[in-house]
Number of protein chains: 2
Amino acid sequence: MPRVVSERSDAVTALAEVFRTHGFEGTSLSVITAKTKLGKGSLYHFFPGGKDEMAEAVLEEIGRWFEDRVFKPLRDEPDAEAAIEKMFEEVDRYFRSGRRVCLVGAFALGQECDRFERQVRGYFETWVMDLESCLIRAGRNETLARDLSEDAVIGIQGALVLARSIGQSAVFERTLLRLKKRLLERDHP
Amino acid sequence: MPRVVSERSDAVTALAEVFRTHGFEGTSLSVITAKTKLGKGSLYHFFPGGKDEMAEAVLEEIGRWFEDRVFKPLRDEPDAEAAIEKMFEEVDRYFRSGRRVCLVGAFALGQECDRFERQVRGYFETWVMDLESCLIRAGRNETLARDLSEDAVIGIQGALVLARSIGQSAVFERTLLRLKKRLLERDHP
DNA sequence: CACAGTATGTACTAATTGGTACAATTGATC
DNA sequence: GATCAATTGTACCAATTAGTACATACTGTG
């Protein structure tokens, strides 16, 4: 009876979208099978650990994506300011101008924060640290760099909350611009 | 067999804490009865509409709390800067220095955003608007006031996300200070 | 084409879900 | 102390939950 043969990685991508729109607790297996077109057979074959393992796989994929497109450039790109510009571009595209939610942020606000503590903490800690190192590379003094990087990550997460609430992607775009300006402003202590 | 007679308002307070720690979807009736010490009888007597009505009541209570302690002072307090100081004090206390989550913010990131759209949108819109009017009253020009108020509410919400993730209330406190300074800075365009 | 292992749908649990019905108990008021 | 509405525990319901078992079908390798 099996019709199409899928791959685990496709499943992870689909699962990410499901978790993002329904939340962890709101994502029942029936929702998953409906949205991913995968039967229980495939699901438990790919993820014997059930929902927990699915969420872990999703978080891992998200972590890899940000590592490749955002964190690593922040650390390695010789032109520090270009890396920051790139970060904002990638963030804007990834979150679809605020119409898409940050799953890690959503997990952070729920009890998932405990269950997936390692991944959630890792995501935000490396983001702040890598941005900080980039700012130092761009010539900022250390304490200011720490403050600015924390402020930027906080701003992005907060903007996602507010953009969803007020329902305008304008809020998100406006905030990204404001944050970018603050990070790249060279003529200020 | 009923032992103690409770009031609806007590139930709402208990429910708020349950929703905050378990999320809307994660809050099952069994969790509610366990944490609130209220049987199904009382629960459905107070909230015939079930979980939805409970959440609405909680959101209403939160809205009232912020209206009284934060929004109204922002609008009415003659000393605009004092109102802003008070806002940060109340916010810090309410969110227990970042150890407590903003239920409205958490709802905003989930599908509850659609179900309770009115309340979620109302909470954030009035917060931003009232803070904006307060800043104008404090002498800021209109466009800057709009930007600053949006930035502050975003910063608070983002700080809650990050504080939970990294697990330090220090992040929250530091952010509140930074935001307050930004709002009260008089010597800048 | 045969074979192996990987996928997959179906049927089945046992437990939990939100919700209803109702009789019993409470506490304030007369 | 009788009365009555407000409150509450218990028993119950149908639906859904996560998860298991397994026989069957697909697919790449030889």
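This structure is a prediction, so every number in the text was calculated from the model and none was measured. Sequence lines set the chain letters: A, B, ... in the order given, protein chains first and strands last, and positions in each chain run from 1.
Interface residues of residues 45-56 of chain B facing DNA chain C, ordered by number: B/Gly50, B/Lys51; criterion, heavy-atom separation under 4.0 Å. A heavy atom lying under 4.0 Å from DNA chain D marks the following residues of residues 13-39 of chain B, by number: B/Gly39.
Side chains of B/Asp151 and B/Ser149: no donor on one and acceptor on the other come within 3.5 Å.
Nucleotide D/dT20 holds its P atom 10 Å from the NZ atom of A/Lys40, rounded to whole Å. Nucleotide D/dA5 holds its C1' atom 15 Å from the CD atom of B/Glu7, rounded to whole Å. Nucleotide C/dT17 holds its P atom 12 Å from the OH atom of B/Tyr44, rounded to whole Å.
Under the rule for a side-chain hydrogen bond (donor to acceptor under 3.5 Å, both in side chains), the partners of B/Arg174 that lie at least two apart in sequence or sit in another chain are A/Glu150.
Put simply, B/Leu177 and A/Val153 are part of two different groups of oily side chains (I, L, V, M, F, W, Y) that touch within less than 4.5 Å, one to the next. Residues A/Met129 and A/Ile156 do not share a hydrophobic cluster, clusters being chains of Ile/Leu/Val/Met/Phe/Trp/Tyr side chains in contact below 4.5 Å. Hydrophobic clustering (side-chain heavy atoms under 4.5 Å, transitive across Ile, Leu, Val, Met, Phe, Trp, Tyr) groups A/Leu59 together with A/Tyr94.
A/Met87 approaches A/Leu74 most closely through the heavy-atom pair SD-CD1, 3.9 Å. Of all heavy-atom pairs between A/Leu160 and A/Gly98, the closest is CD2-CA, 4.0 Å.
No donor-acceptor distance shorter than 3.5 angstrom exists from the side chain of A/Glu7 to the backbone of A/Ser9, with no hydrogens or angles considered.
Of the candidates C/dG19, D/dG9, C/dA11, the closest approach to any side-chain atom of B/Ser42 belongs to D/dG9.
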